[in-house]
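Here the structure comes first, spelled out in structure tokens, and everything after it is commentary.
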Amino acid sequence: MKIIVEAQGTLLKVSQKLDVPYREQRRTSTRGAIKGFSAKSRIRLLQLVARLRIIKKLHPTFLTLTYGKTFPDCQTAKKHLWNFIKRLRRRSPEVFSCIWRLELQDRNAPHFHLIIFNMPFIHKATIQKLWAECVSEQYWDYSAEEVRYPFTRIEAIRNHKKLCCYVSKYIAKKDDASPEGDASSCGFNNEPYLSAQKITGRLWGVINKAMLPFAKISQVVIDYDKKWYREFQDMCRQIWNGIEDDSGFHLYTSNPYSVTYILSKRFVEKFKIPIVSEVHESLRILPCEPCPF
DNA sequence: TTACGGTGGCGTATGATCGC
DNA sequence: GCGATCATACGCCACCGTAA
């Protein structure tokens, strides 16, 4: 077995690679349809965000898109979102990228949270108009005397702390009141999904992943040995004490690179363990048009 | 000419299931 | 309860026809 230690952004991921191919160990099965925001799905989303690095020149932006009093089902809403994203992308097709998250309000109305990178400057009113044009008029806001476009919220993300704040508050938010079960074990409130029985498909996704601002990556692969791995885990427990013996783990820390550095220097020297492979890639910064934010 | 939405095919995020 | 792995449901994207 090999141990893969990976540092990127604020993520430290330690995983185990088995020597025996897993294919030989398991029997085949058919996966079911997507019914909700599972704990694993949430972890994948959090890990993805942790791998990013927020740089002002990429104009990271947080955007919320909603519907009026009447609202469509999730499939139709996704169609609206996709048309909206296509319109945005046409304004900067090469570098535009985003992470989207579908959420249901208590009234079962779908709405979207987006983290956008490299979006050209567009006035809030224009964005609201774009979204209104992508949804049909029946979903506009008729609650006031005059008909209004559906509500949209746009805000610049100025640093990684702000991004984490958004992610925990909106993108991967927890709700302690949710019932037991796999889908709710992540803390997500599935009540609206289950009662609506309309939810189909994924609840988050990435547009133009290749252009996301991933932080530099540092990866070290070493053959497993109980001696060094136990000591390595003890070191990592200084960051987070919840790591279990001999298992893989992941944790979020401001400087995960110091862990891979110590591993590839001190541990290798102390325990005389050969490194199987070592990769250090620097952050890719993409060109972008200036923005008045 | 440009912007738009629809669509087919490929790639990947997901659920199922395993061992630990 | 966790991480690892795999098959596959469905998202992503290039391309196309249509409308203005």
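Throughout, a chain's letter reflects where its sequence line sits, starting with A, and its residues are numbered from 1.
- Atom NE2 in A:H250 sits roughly 10 Å away from atom C1' in C:dC2 (whole-Å rounding).
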Exercise. Does the salt bridge (charged side-chain N to carboxylate O under 4.0 Å, His left out) test come out yes or no for A:E155 and A:R153, once each step is laid out?
Worked result: CA-CA 7 Å; A:E155 201 170 330; A:R153 179 188 165 200; 2.8 Å; yes

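- Note: A:F232 and A:F249 have tilted aromatic rings, judged against thresholds of 30 and 60 degrees for the angle between ring planes.
- Formation of a donor-acceptor pair under 3.5 Å by the A:W131 side chain with backbone atoms of A:T66 is found in this model.
- The stretch residues 252-267 of chain A participates, sequence neighbours left out, in no salt bridge (Lys or Arg N to Asp or Glu O under 4.0 Å) pair at all.
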Exercise. For every nucleotide of nucleotides 3-8 of chain B, 5' to 3': is a protein heavy atom under 4.0 Å from its base (B), only from its sugar-phosphate (S), or from neither (-)?
Worked result: -BBBB-

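- Taken to the nearest 0.5 Å, the CG atom of A:L65 stands 10.0 Å off from the CD atom of A:Q128.
- Between A:S15 and C:dG3, a side-chain N or O to OP1/OP2 separation shorter than 4.0 Å is absent.
- Put simply, CG on A:L251 is 11 Å from P on C:dG3, counting in whole angstrom units.
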For this session: Show the numbers, then the answer: is there a side chain to side chain contact (heavy atoms under 4.5 Å, CB included) between A:R87 and A:C134?
Result: CA-CA 9 Å; A:R87 288 189 179 202; A:C134 291; 3.7 Å; yes

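- Atom CD1 in A:I4 sits roughly 14 Å away from atom P in C:dG3 (whole-Å rounding).
- Proximity of A:V49 to A:I99: side-chain heavy atoms (C-beta onward) are separated by under 4.5 Å at one or more points.
- Atom CD1 in A:I3 sits roughly 13 Å away from atom P in C:dG3 (whole-Å rounding).
- For A:V14 and A:I207, each mapped to the nucleotide of DNA chain C holding its nearest heavy atom, the one lying further toward the 5' end belongs to A:V14.
- Interatomic distance, CH2 of A:W204 versus CZ of A:F112, reported as 15.5 Å (0.5 Å rounding).
- Axis angle across the helix from B:dT1-C:dA20 to B:dC20-C:dG1, with five pairs used at each end and values rounded to 10°: 20°.
- Of the two residues near DNA chain C, A:V206 and A:K13, the one whose nearest nucleotide lies more 5' is A:K13.
- In this structure, the CZ atom of A:F249 is 16 Å from the C1' atom of B:dC20, given to the nearest Å.
- Rounded to whole angstrom, the span from the CZ atom of A:R101 across to the P atom of B:dT14 amounts to 10 Å.
- With hydrogens and angles ignored, the 3.5 Å screen pairs no side-chain donor or acceptor of A:E6 with any backbone N or O of A:Q219.
- Atom pair A:H80:NE2 and C:dG11:P shows a separation of 15 Å (rounding to whole Å applied).
- As a whole-Å value, the separation of A:W100 CH2 from C:dC13 P is 12 Å.
- Between C:dG11 and A:W204, no contact under 4.0 Å exists linking OP1 or OP2 to a side-chain N or O.
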